[in-house]
Amino acid sequence: MIPYGRQDISKADIDAVVEVLRSAFLTQGPAVPAFERVLAERCGVPHAIAVNSATSALHIACLALGVGPGDVVWTSPITFVASANCARYCGADVDFVDIDARTYNMSAAALRSKLERASAAGRLPKLVIPVHMTGQSPDMAEIRAMADQYGVRVVEDASHSVGGTYRDQPIGNCRFSDITVFSFHPVKIITTGEGGMLMTRDGGLAERLRRLRAHGITREPAHMTRPAEGEWYYEQVELGYNYRMTDIQAALGLSQASRLDAFLARRRALAARYDTLLHDLPLTLPYQMPGGCSAWHLYVVRLQQDRVRRTRAEVFRDLRARGIGVNVHYIPVPRQPYYADLGFDAARWPEAERYYEEAISIPLHAGLTDAEQDRVVAALGDALRGP
Ligand SMILES: *Cc1c(COP(=O)(O)O)cnc(C)c1O
């Protein structure tokens with residue numbers, strides 16, 4: 001089976017991990033801050049906080065921005081469930097903003113009209129979490145302008161887009177958001193096994209995020225409520241978590257980060273090749289906004305239902321039977337039983353529903369060969385034609 005995504009681990013990656021295993025620190029050593037520095041520099045942002053997953057990152061991002069019971073957080077319906085769950089962890093309510101028909105990112109137009117209605121009803125969200133679907137940035141400048149107008153905070157879920165650019169600047173520089181979150185799950189652009197990172201320009205937020213990552217404990221005398229009782233002294237000043245990344249993971253992340261440009265180049269070359277090879281099939285291919293560069297986490301094709309006589313499920317089943325590890329990203333979050341039980345009716349997000357009926361993610365990862373890609377293209381052609 002050719003998987004839709006998978007990690008690419010080199011000898012150098014393995015050596016970097018083994019070196020940590022032989023060293024004094026498996027966690028809370030030098031590799032974590034080194035990994036944070038490398039990505040902060042790459043993104044052109046002063047603060048980076050590594051954690052044990054993007055899910056943890058989203059959770060403490062919400063907490064640090066003051067999300068709690070009675071608040072509402074908005075995200076996209078076409079995302080992994082973690083983008084919405086983070087608000088629920090904080091006791092807040094969730095709502096969804098429909099996607100743009102071309103980019104599959106949160107629609108700026110839908111956000112504008114929803115903000116107008118929410119403002120009139122006196123129920124504005126505390127926070128919006130736009131998602132960089134497939135590795136392409138949402139229209140962050142527009143989203144930020146609207147958020148500022150209504151006094152709403154912004155967290156970018158950039159789990160798909162480490163290394164991408166928006167308006168010719170690195171994603172993660174937080175020019176248009178309070179916090180940007182990356183994921184290092186093995187199917188993402190670079191991996192640490194499990195892992196995530198928060199980027200921010202705000203020193204106060206960074207301090208708070210570091211504390212929430214480690215039990216709510218501070219060792220900074222300036223942040224303590226009482227005088228130190230000795231050199232052993234530390235204070236837990238709020239309720240935090242153990243969301244730390246290990247040095248074993250960070251060493252892998254550092255080594256992977258040194259290969260990031262090679263990964264991106266390969267993903268871009270494969271995406272461009274798909275664009276050419278799939279051009280004549282009855283598919284809608286990924287649309288790219290000008291001025292930015294996707295990190296190409298996913299290559300999503302949509303069946304043109306007026307030109308294909310088979311359903312998405314039939315095409316999907318056929319591709320799997322032919323050894324092509326296709327997937328669907330994503331089932332709209334409001335369709336999940338947990339959210340449906342909270343009263344969500346997915347029909348309220350019609351663009352997300354249309355997308356979901358037609359979308360298939362085909363294999364795209366740095367280790368995919370041209371020959372494997374040719375097999376995917378041939379299988380897709382056969383599957384669309386049907387028996
Ligand atoms: C992968 C992913 C997450 C969760 O990342 P983890 O590191 O696995 O916790 C969150 N949001 C999106 C959009 C993702 O793709």
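Both counts, for ligands and for their atoms, begin at 1 and track the order of listing. Keep in mind that what you see is a predicted model, and the values were worked out from it rather than measured.
- Those atoms of ligand 1 with a heavy atom of Ser53 less than 4.0 angstrom away are 7 (O), 9 (O).
- Residue Lys188 holds the heavy atom nearest to atom 14 (C) of ligand 1 of all those in His59, Lys188, Met133.
- Nearest residue to atom 10 (C) of ligand 1 from Ala57, Ser159, Ala84 is Ser159 (criterion: closest heavy atom).
- Counting the atoms of ligand 1 from 1 in the order shown, those under 4.0 Å from a heavy atom of Thr79 are 13 (C).
- Listed by chain and number, the residues in a side-chain hydrogen bond (donor to acceptor under 3.5 Å, both in side chains) with Arg307 are Gln304 (sequence neighbours excluded).
- In summary, Arg88 and Asp93 engage in a salt bridge, as defined by a charged side-chain N under 4.0 Å from a carboxylate O.
- The closest approach between Ser83 and ligand 1 falls below 4.0 Å for a heavy atom of the residue.
- Aromatic rings from Tyr330 and Tyr356 are positioned such that their centres are separated by 6.0 Å or more.
- Ligand 1 lies out of reach of Phe182, whose nearest heavy atom is not under 4.0 Å from it.
- Heavy-atom contacts of Val131 reach the following atoms of ligand 1: 13 (C) (cutoff under 4.0 Å).
- Residues Tyr243 and His59 place their aromatic rings such that the two centres sit under 6.0 Å apart.
- Counting heavy atoms from C-beta outward, His215 and Arg244 have side chains that approach closer than 4.5 Å.
- For Asp157, every heavy-atom contact with ligand 1 shorter than 4.0 Å involves the side chain, none the backbone.
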